[in-house]
S.K.: 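If you scroll down you'll find the structure; I have some questions about it.
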Amino acid sequence: MARADSAPVKKCASALFALLVCLSILSCTSFYFQTLQPPSEKIKLSGLGDLSWREQWAGIVFNGEKVGFTFLKMMPLDERDLFLISSEAHMRLRFLGVEKRLALRSADRVRNDLQLVSFRYDMEVDGKTLLLEGENREGRLEAVRQTNGERKTIVKEVGQPLYPASAVNFYPFIAGIAVGSKYRYDVFDPQAQAITEVLQSVDAFENSPKLLIEPSFKVETSMLGQAVTSWISPAGETIFELAMGGALITYKEDENRARQFLYEASMNKKDLILDFSLVRTDRTLSCPRQASYLKIALEGVAGQLPLLEGPGQAVTETNESGRPVALYVLGGNEGPDPPRLAGAFNIADRYIYLAATDHIESDHPEIVREARAIVIGAPSDLDKIRRLAKWVSLEVRDEVVDSFSALEVLHTKKGECQAHTLLYAALARASGIPTRLAGGLVYLEGTGFLYHAWAESYADGWIAVDPTFDQVGIDATHIKLAEGPSWISMMGIGKVVGQVRAGVLDYRALCRD
């Protein structure tokens, strides 16, 4: 997120891709779907064994370009009433001029009623692998995470039936599906490494001859702040899906066409993530790292995310031509007394923002040892914060690589803003400084606003810290959209990526060499 190269926008040639681009960019789904009379009776399966199919292939389109495929297979096991749901997804795209490859593989052993028994998840990003395997029994989920040579045991209490995240589109058929049905249940999500609630509703029964979509139930799913719309046939096959406001599309196709992405993606020179996520402005902001004042109006945030105050950040909601607009006023200050956000801070807050998490291992001996070495002799918490931010900024190389945890970043010493932030947060918490994650937008000169991560540490009030840029008291182009104790807290930002429009009302910066 720290650097960017521009890329030209290409147009799709085929009629199908033109429709897909329309869906993702213009949100014109209503023009292509027809409401039908739903089945006269609720469809309810006694278990996975009632499904008439066993495997399915699908293509993945992001921002109008085909970037990958998914494959899902179900097979009964020798053990009574047990099934294996295996799935994999492969994606290849470009970000900041660098090709990124992502492979996700899962194997969930479930009961006939979909309840999770055991699992194995394997995620590979640019050759780096995270392996997570475990089981769910007697009210406890126990798993072992392996990455970069490190092993960590994860234990979570389970208070009600638990299902795998890979099977959310099967659940309505096990519970009974009909237009108007609603569902609430828990799944284990391997990417978040957390038990999370799923909300679903069956909103319509539709088809789309133009998109070759057979009559299907339209199902809305909400999980971890993300919304997905799926069209699922009465046979239980997922025919079409829209996510990220329509920018991410998955659609059923045969194996040969699904795998064709390997060639198509290799020929694609478009910087898809940058093109989609970049928030352009109507004027250039010079010397953004030295910005002292910014007043900016953002469309696409109000009503989707909470409007957050922050150190040096104030926000109000206004209305422009019938559309809600978030008006942000930001002041930057890297001086000896950075802006603080005051407010109640109790024992529970202190516990939450000092606690170790699966991604912020502040209790690991290596993290604790490094933190002590960095802050030794510091006379105050503010001095500790400055030392830790500078150390992370100097020691962690800014590279377009993904990182799974703070401990991994400590070992590899490279990564994007997420890597800097995870390691800083772990070191700060290990030093006794309550610290939370923050995410939002930051301006890069010559490019525009990009999504970015930083932190806030508590020292007589919350202080904004950007360890990527070595700022304690951040510049005024940081716009906070999310905050929280763990990486899961940042996931809600996905609801607005690609939807935000910005208008700069006032800007000041003291440009210096």
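Just so you know, these numbers come straight off a predicted model, no measurement behind them.
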S.K.: Answer yes if the side chains of Arg109 and Ser118 hold a donor-acceptor pair under 3.5 Å, and no otherwise.
M.R.: yes
S.K.: Test of understanding: with salt bridge (charged side-chain N to carboxylate O under 4.0 Å, His left out), list the residues that count as partners of Arg140, not counting sequence neighbours.
M.R.: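 Partners of Arg140 under the salt bridge (charged side-chain N to carboxylate O under 4.0 Å, His left out) test: Glu142, Glu157.
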S.K.: Show me the pairs that pass salt bridge (Lys or Arg N to Asp or Glu O under 4.0 Å) and involve residues 224-247, at least two apart or across chains.
M.R.: Glu237-Lys252
S.K.: Side chains of Ser201 and Glu220: any donor to acceptor distance under 3.5 Å?
M.R.: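 Checked: Glu220/Ser201 side chains show no N/O donor-acceptor pair below 3.5 Å.
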S.K.: For Phe119, which residues count as a ring pair (Phe, Tyr, Trp, His ring centres under 6.0 Å) partner, sequence neighbours excluded?
M.R.: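 Ring pair (Phe, Tyr, Trp, His ring centres under 6.0 Å) check on Phe119 returns Tyr121, Phe188.
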S.K.: Looking at residues at least two apart in the chain, or sitting in another chain, which of them share a salt bridge (charged side-chain N to carboxylate O under 4.0 Å, His left out) with Arg436?
M.R.: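 With neighbours one apart ignored, the set is Glu456, Glu483.
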S.K.: Do you know which two heavy atoms are closest between Leu422 and His359, and how far apart they sit?
M.R.: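 Looking at all heavy atoms of both residues, the shortest contact is CD2-O, 4.1 Å.
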S.K.: Do any pairs count as a salt bridge (Lys or Arg N to Asp or Glu O under 4.0 Å) and have a residue in residues 178-197, sequence neighbours left out, and if so which ones?
M.R.: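 Passing the test, one end in residues 178-197: Arg184-Glu197.
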S.K.: Does any part of the side chain of Glu55, heavy atoms only, come nearer than 4.5 Å to the side chain of Met74, both counted from C-beta?
M.R.: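 Not in contact.
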S.K.: Kindly write out the residues that satisfy side chain to side chain contact (heavy atoms under 4.5 Å, CB included) with Pro324, not counting sequence neighbours, or none if the list is empty.
M.R.: Ala302, Glu317
S.K.: Please determine which of Ile232, Thr238, Val110, Leu72 meets the side chain to side chain contact (heavy atoms under 4.5 Å, CB included) test together with Phe170.
M.R.: Leu72
S.K.: Does Leu481 reach the side chain of Ile479, with side-chain heavy atoms less than 4.5 Å apart?
M.R.: yes
S.K.: So, do Arg105 and Arg120 sit near enough that their side-chain heavy atoms are less than 4.5 Å apart?
M.R.: no
S.K.: Which pairs pass ring-ring contact (aromatic ring centres under 6.0 Å, His included) with one or both residues in residues 127-154, sequence neighbours excluded?
M.R.: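 Found none.
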S.K.: Would you name the heavy atoms of Glu361 and Ala406 that are closest together and state the gap between them?
M.R.: OE1-N, 3.3 Å
S.K.: Please name all residues satisfying salt bridge (charged side-chain N to carboxylate O under 4.0 Å, His left out) with Asp358, sequence neighbours left out, ordered by chain then number.
M.R.: Lys152, Lys156
S.K.: What are the two closest non-hydrogen atoms of Ser489 and Ala482, and how far apart are they?
M.R.: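 The pair with the smallest heavy-atom distance is O-CB, 3.9 Å.
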S.K.: Do Val187 and Val168 come within less than 4.5 Å of each other through their side chains, counting heavy atoms only?
M.R.: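 Yes, side chains in contact.
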S.K.: If the condition is ring pair (Phe, Tyr, Trp, His ring centres under 6.0 Å), which residues does Phe205 pass it with, not counting sequence neighbours?
M.R.: Phe217
S.K.: For Arg54, which residues count as a salt bridge (charged side-chain N to carboxylate O under 4.0 Å, His left out) partner, sequence neighbours excluded?
M.R.: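 Result, salt bridge (charged side-chain N to carboxylate O under 4.0 Å, His left out) vs Arg54: none returned.
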S.K.: Can you pull the salt bridge (Lys or Arg N to Asp or Glu O under 4.0 Å) pairs that have at least one residue in residues 35-48, sequence neighbours excluded?
M.R.: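 For residues 35-48: none.
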S.K.: When you compare the side chains of His90 and Glu88, does any donor N or O come within less than 3.5 Å of an acceptor on the partner?
M.R.: yes
S.K.: Holding to ring pair (Phe, Tyr, Trp, His ring centres under 6.0 Å), I want the full list of residues that pass it with Tyr185, two or more places apart in sequence or in another chain.
M.R.: Tyr163, Tyr171
S.K.: Cut-off 3.5 Å, side chains only: do Ser166 and Ser106 have a donor facing an acceptor?
M.R.: no
